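The structure appears right after this line, and notes come after that.
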Amino acid sequence: MGRAFKLEDTRNIGIMAHIDAGKTTSTERILFYTGVTYKIGSVDEGTATMDWMEQERERGITITSAATTASWTRFDKKYRVNIIDTPGHVDFTVEVERSLRVLDGAVCVFDSVAGVQPQSETVWRQADKYRVPRICFVNKMDRMGADFDHVVRTIRARLGAHPVPLQFPLGREDNFIGIIDFLEQKVIVWLEETLGAKFEEFPVERLWDKAFVDSRPDVAAALKGSAIDKAFYEEHRNKVVEYVAEHDDEMIDKYLTEGTLSLEEMRKSIRKSTLALKIVPVLAGSAFKNKGIQPLLDAVIDFLPSPVDVPPLEGTNPNTEEVELRRASDDAPFSALAFKIMSDPFVGHVTYIRVYSGVLKSGSYVYNSGKGTRERISRLLQMHANKREEIDTVYAGDICACVGLKSVNTGDTLCDENKPVVLESIDFPAPVISVAIEPKTKADQDKLGVAMQRLAQEDPTFRVSTEPDTGQTLISGMGELHLEIIVDRMLREYNVQANVGRPQVAYRETIRKKATAEGKYIKQTGGRGQYGHCKIELHPIPSSSHENMKEMSSDELDALAKEVVGGPAGKWKFDKEHRFLFIDKIIGGAIPREFIAPIEAGIREALDNGILAGFTMVDVAVVLIDGSYHDVDSSEMAFKIAGSMAFKEACHKASAVLLEPIMKVEVVVPEEYMAAVYGDLNARRSAIQGSENRSGSNVIRAEVPLAQMFGYATDLRSRTQGRANFTMHFSHYAEAPNSIAQDIIDKAKGRSTRG
Ligand code: GDP
């Protein structure tokens, strides 16, 4: 049996939006119309199909990204549409990143009243980074104050995009009944507001036919008081035609000589520009009232990429370190990325994979190229919204769930063992906040280990560690809500009862000055001795590079290494997580090759433990410049210790400072509470970035140290009688003010002397 859908007929899409814009409702409707959901869930009743996790239901937010397989027929051809769920909450930007990494195109849902909102902006920029072609859906056209043009303007102004409306809503608020389609020059009117409601299509000219309009009270009401007339329509349609003519060289000539373009040519040309990220087509509708969903699905097929429309994926051969490409084709060697691991209520532990190239059969073995391990896939599942279908083969470009993989983590590459490749992994930020967890009983203690391991496997931004001084278990993540959800899952899914400590900030350390130091570990009294000796230079990495170091190519890193050492950099190695550059400038065998790695290992260990208050040190470069060895007494261990000694010594001379995580905070607040919110933010050491009026509310933007944000949700609620809300996400690390740093250092010292 071959593949059921051609590669070109596959769409892997995500639906993204600011929280509350209607992402869940739109997804539900899409699943209904693609024929897989028979009983519709409704967010308000908390039964949405994709939001099956209990916490999500209770909180009404989507935090996991599962993938659902559906199909849609366009021009008598059946297409496969895989919908990758993206979360709507800012604490989970990493979920957004990981889904962007595996989808090929996206639908951005906007609220017709609010337009572009903070989260849509964040997600938009992430989609830019991954070069994901998009279409925009202006949802909630039935809402009081709905304004399609306003949304289009905000897309242009705030997102810097080039929106091209392909539709205009027919009516608004209670009178929103359908859409005018500029390409097909037709009108679609939904006759009811129920699911699966009948709709009617007619040529746009009928809107200018008085007799027709008079015979149709719904159409008459929609047109009443609106700007829509023949001139308005022609002006809007011409904008689309002219856009195509002006931006597509092939079309220009044709348009100039013939004065028109065929529907097919326009569609093709718009597809081309959308894929090239030059434009975003804009559509309108109301997911809640079941209007506009079918044309949205048509647009997904018409304008969003198939796996063959996106460039081949880059990976590295783990044996040769050479770059290799994986083309979307069944004939290419198998490669896939594990993008989500979760416990499925029906089948247990499943790993969602996106196949980039080749085919995979159930029952076969896959190679985890990052870890060098082999595992057998016992079953392959296609996840539909209402059923799990067992399949025996998954083909290039498709998404499915695997059962039976035990040691695969999110972000791992699975591939053909004979053609190993490590695909560019997903970039996960390091955690910024921790809490201590103390199991209530011995039985809980035993279950805790399993629970932690599973949860960490699913979520790469969640870490578990042991506090060295107290032996307590620490869990770390991206925000208070993130950790709350983890603790909640620990209790519900793994039945672990635990006391949870106060949240602690994950500080970092770095240095401000260059320093040179020597590490000597020499013991030569009687018997076999120890001899390790190295000399290093410690450099701060220029702050201009901090934020983008993770994305630098090897050429750019090479240039950075040169800049740091002020000359040829020799051999360097880069550790993304710590933004740590290790540069080896040993010449003439002053230290034999086999002792270089142990020196580096010693330095890394010291780096992990910091120098001021035990926090990981980041943004430093170490240049190994000299050293010596002894023919008999030198050992790996001796050089490791020497490396660590040299590093600590250098740090003491290099003006080490403490860094604290700074969060980007946006508070949406009614006018009368502005002063109260400002005052409170100021007391939290915040830097106000600006404020603006957005659809009747004030939005205050500020950068605030995470340490000052604990319990903010409760405080804000009481200061504003629950009328304000806020979003927060990690922005960057900045040097903590002296007095605060000293406090933290003293506390850390107190801890270690007491212990
Ligand atoms: P999400 O947070 O983006 O997933 O948004 P939801 O789909 O949960 O929708 C948020 C709220 O808006 C819910 O109360 C929905 O019923 C409502 N909603 C969604 N789509 C529409 C729409 O087209 N019109 C109106 N009036 N409300 C909608």
Side-chain angles (χ1 to χ4, degrees), residues 13-33 37 40-53 55-66 68 83-93 95-96 99 106-124 127 134 136-148 151 167 169-179 188 190 192-195 197 199 282-297 385 481 668 695 725 727:
I13 62 159
I15 298 172
M16 36 206 221
H18 185 85
I19 191 157
D20 261 5
K23 181 177 67 89
T24 312
T25 312
S26 308
T27 310
E28 288 292 332
R29 296 324 192 238
I30 288 176
L31 291 177
F32 176 84
Y33 286 103
T37 305
I40 200 79
S42 143
V43 195
D44 301 318
E45 289 156 23
T47 56
T49 320
M50 296 192 85
D51 281 26
W52 48 264
M53 287 179 67
Q55 298 90 332
E56 293 177 28
R57 279 185 209 172
E58 281 168 15
R59 293 168 199 263
I61 52 174
T62 312
I63 53 163
T64 52
S65 71
T68 311
I83 300 163
I84 294 134
D85 192 24
T86 57
H89 196 279
V90 254
D91 258 28
F92 307 104
T93 42
E95 295 270 350
V96 180
S99 41
V107 174
C108 295
V109 178
F110 295 94
D111 179 323
S112 68
V113 181
V116 173
Q117 290 168 283
Q119 174 86 37
S120 15
E121 222 174 309
T122 309
V123 173
W124 192 273
R134 272 148 275 176
C136 296
F137 182 64
V138 180
N139 186 36
K140 303 199 186 184
M141 278 310 304
D142 62 305
R143 254 190 83 184
M144 212 38 168
D147 187 343
F148 182 78
V151 181
Q167 300 178 345
L170 180 55
R172 51 193 273 230
E173 302 177 354
D174 281 348
N175 292 321
F176 172 65
I177 56 168
I179 51 139
I188 307 176
W190 281 266
E192 290 140 40
E193 301 190 332
T194 47
L195 262 175
F199 58 92
V282 187
L283 315 180
S286 162
F288 188 62
K289 301 276 173 88
N290 298 293
K291 292 171 186 169
I293 301 297
Q294 299 97 329
L296 172 63
L297 279 158
L481 181 59
V668 181
S695 37
N725 53 58
T727 54

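Just follow the structure's listing: the first ligand is 1, and inside any ligand the first atom is 1. The residues of the chain are indexed from 1 along the displayed sequence. Keep in mind it's a predicted model, so treat the numbers as computed, not measured.
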Problem set entry | Inter-residue atom distance Met16.CE - Cys136.SG, 0.5 Å rounding | 9.0 Å
For this session: Supply the atom-to-atom distance Lys289 NZ to Met141 CE, rounded to the nearest 0.5 angstrom.
Result: 12.0 Å
Exercise. Nearest non-hydrogen atom to atom 24 (N) of ligand 1 belongs to which of Asp142, Val138, Val109?
Worked result: Asp142
Is it true that a side-chain atom of [X] and a backbone atom of [Y] form a donor plus acceptor pair closer than 3.5 Å?
{"X": "Lys291", "Y": "Phe176", "answer": "yes"}
{"X": "Glu193", "Y": "Asn290", "answer": "no"}
{"X": "Asp111", "Y": "Asp20", "answer": "no"}

Exercise. Is the shortest distance from a heavy atom of His18 to ligand 1 less than 4.0 Å?
Worked result: yes
Within-cut-off N or O pair, [X] and ligand 1, under 3.5 Å:
{"X": "Ser26", "answer": "no"}
{"X": "Gly285", "answer": "no"}
{"X": "Asp20", "answer": "yes"}
{"X": "Ser286", "answer": "yes"}
{"X": "Ala287", "answer": "yes"}
{"X": "Ala17", "answer": "no"}

Problem set entry | For Ile179 against Pro295, the heavy-atom pair lying closest together | CD1-CG, 4.0 Å
Problem set entry | Numbering as shown, the atoms of ligand 1 that approach Lys23 to under 4.0 Å (heavy-atom distance) | 1 (P), 3 (O), 4 (O), 5 (O), 7 (O)
For this session: Could you list the atoms of ligand 1 found under 4.0 angstrom from a heavy atom of Arg143?
Result: 26 (N)
Exercise. Quick one: does Trp190's side chain get under 4.5 Å of Leu170's, heavy atoms only?
Worked result: no
